[in-house]
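Note that these values count all heavy atoms, side chains included, but never hydrogens, waters or copies made by symmetry.
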Amino acid sequence: MNAPGPGAGVRRPHRRRSRGAGPVLGVLALCALSGCGPGSISCPSWAGFPTPQEKYDAADLVVVASSSTRDGTAPVFGVDAHAYEVRVDEILKGEVDGGSVRVSSMPDACSGTAEYPDGDPLDTSGPLLVFATRQDGEWFTLTPFDGTLPFTREAVDALAG
């Protein structure tokens with residue numbers, strides 16, 4: 001006959017699981033991820049526009065800009081986007097009154113590092129193609145990633161218009 005192992009015959013008390021803490025913590029975690037707490041910001045899912053033509057098709061305004069000058073901020077998704085007075089050399093789509101238009105760089109408020117983790121696309125000295133859409137009466141670049149392209153005549157000629 002074999003001897004019983006250590007702890008054999010010892011009855012351990014059954015631990016009752018609490019059912020309240022798990023779901024509450026789960027809801028709090030979901031709130032933190034989705035931005036539903038006080039002082040939270042909105043985290044949109046950005047559509048991708050991999051080709052210049054897709055950017056053009058999605059934009060309400062497409063211009064060739066020779067320069068841009070900082071012009072304050074514009075609130076969007078709980079953060080202040082950098083706004084610029086953009087000098088318009090050529091209008092490819094949409095309408096602009098005068099030789100310039102105020103456009104804000106759409107920030108990536110949920111990048112975790114900065115509103116413009118790859119740099120502000122309108123903060124440049126070279127000519128750009130600017131792809132913008134209107135939101136609450138303000139012009140914004142399409143997304144934080146797809147609102148500008150370096151200007152080339154070939155890129156302009158390739159766009160349907």
Side-chain angles (χ1 to χ4, degrees), residues 22-161:
V24 169
L25 291 176
V27 168
L28 290 175
L30 285 174
C31 271
L33 292 173
S34 65
C36 63
S40 64
I41 56 174
S42 297
C43 293
S45 295
W46 299 109
F49 304 100
T51 68
Q53 187 63 52
E54 289 174 284
K55 291 173 183 36
Y56 179 90
D57 292 343
D60 298 315
L61 178 68
V62 181
V63 298
V64 176
S66 58
S67 65
S68 58
T69 305
R70 274 296 293 272
D71 185 31
T73 62
V76 65
F77 301 123
V79 297
D80 288 329
H82 298 168
Y84 292 84
E85 193 66 29
V86 174
R87 179 169 167 72
V88 176
D89 293 338
E90 187 176 348
I91 301 169
L92 304 176
K93 183 178 181 182
E95 295 181 19
V96 173
D97 294 330
S100 66
V101 62
R102 188 172 194 257
V103 179
S104 298
S105 286
M106 185 62 74
D108 184 13
C110 299
S111 70
T113 57
E115 282 84 15
Y116 302 101
D118 297 327
D120 186 335
L122 287 176
D123 186 16
T124 183
S125 59
L128 292 173
L129 287 170
V130 178
F131 302 87
T133 188
R134 230 182 167 95
Q135 183 170 324
D136 297 327
E138 298 272 343
W139 289 108
F140 288 91
T141 55
L142 282 178
T143 73
F145 321 104
D146 292 314
T148 66
L149 285 175
F151 167 79
T152 65
R153 182 48 54 192
E154 294 78 26
V156 170
D157 293 344
L159 297 173

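Of all heavy-atom pairs between Val103 and Leu122, the closest is O-CD1, 3.7 Å. Across Met106 and Phe140, no two heavy atoms sit closer than the pair CE-CB, 3.7 Å. Minimum heavy-atom separation, Ser104 to Ala74: OG-CB, 3.4 Å. The minimum heavy-atom distance between Phe49 and Glu54, with the atom names listed, is CD2-O, 3.6 Å.
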Worksheet entry | Audit row: Arg102, Val86, side chain to side chain contact (heavy atoms under 4.5 Å, CB included) steps and yes/no | CA-CA 6 Å; Arg102 188 172 194 257; Val86 174; over 6 Å; no
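The side chain to side chain donor-acceptor pair (under 3.5 Å) check on Thr124 picks up nothing, with sequence neighbours excluded.
Residue pairs meeting the side chain to side chain donor-acceptor pair (under 3.5 Å) criterion with at least one member in residues 75-85, sequence neighbours excluded, are His82-Asp120, Tyr84-Asp120, Glu85-Ser100.
Side-chain contact check for Pro107 versus Tyr116: some heavy-atom pair is nearer than 4.5 Å.
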Counting only pairs under 3.5 Å, give me each side-chain donor-acceptor contact of residues 128-136, with atom names and distances, residues two or more places apart or in other chains.
from, atom 1, to, atom 2, distance (Å)
Thr133, OG1, Asp60, OD2, 2.8
Arg134, NH2, Gly137, O, 3.4

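In this structure, the separation between OG1 on Thr51 and CG on Leu149 is 9.5 Å, given to the nearest 0.5 Å. Atom CG of Asp146 is separated from atom OG1 of Thr141 by 9.0 Å, given to the nearest 0.5 angstrom. Taken to the nearest 0.5 Å, the NZ atom of Lys93 stands 13.5 Å off from the NZ atom of Lys55.
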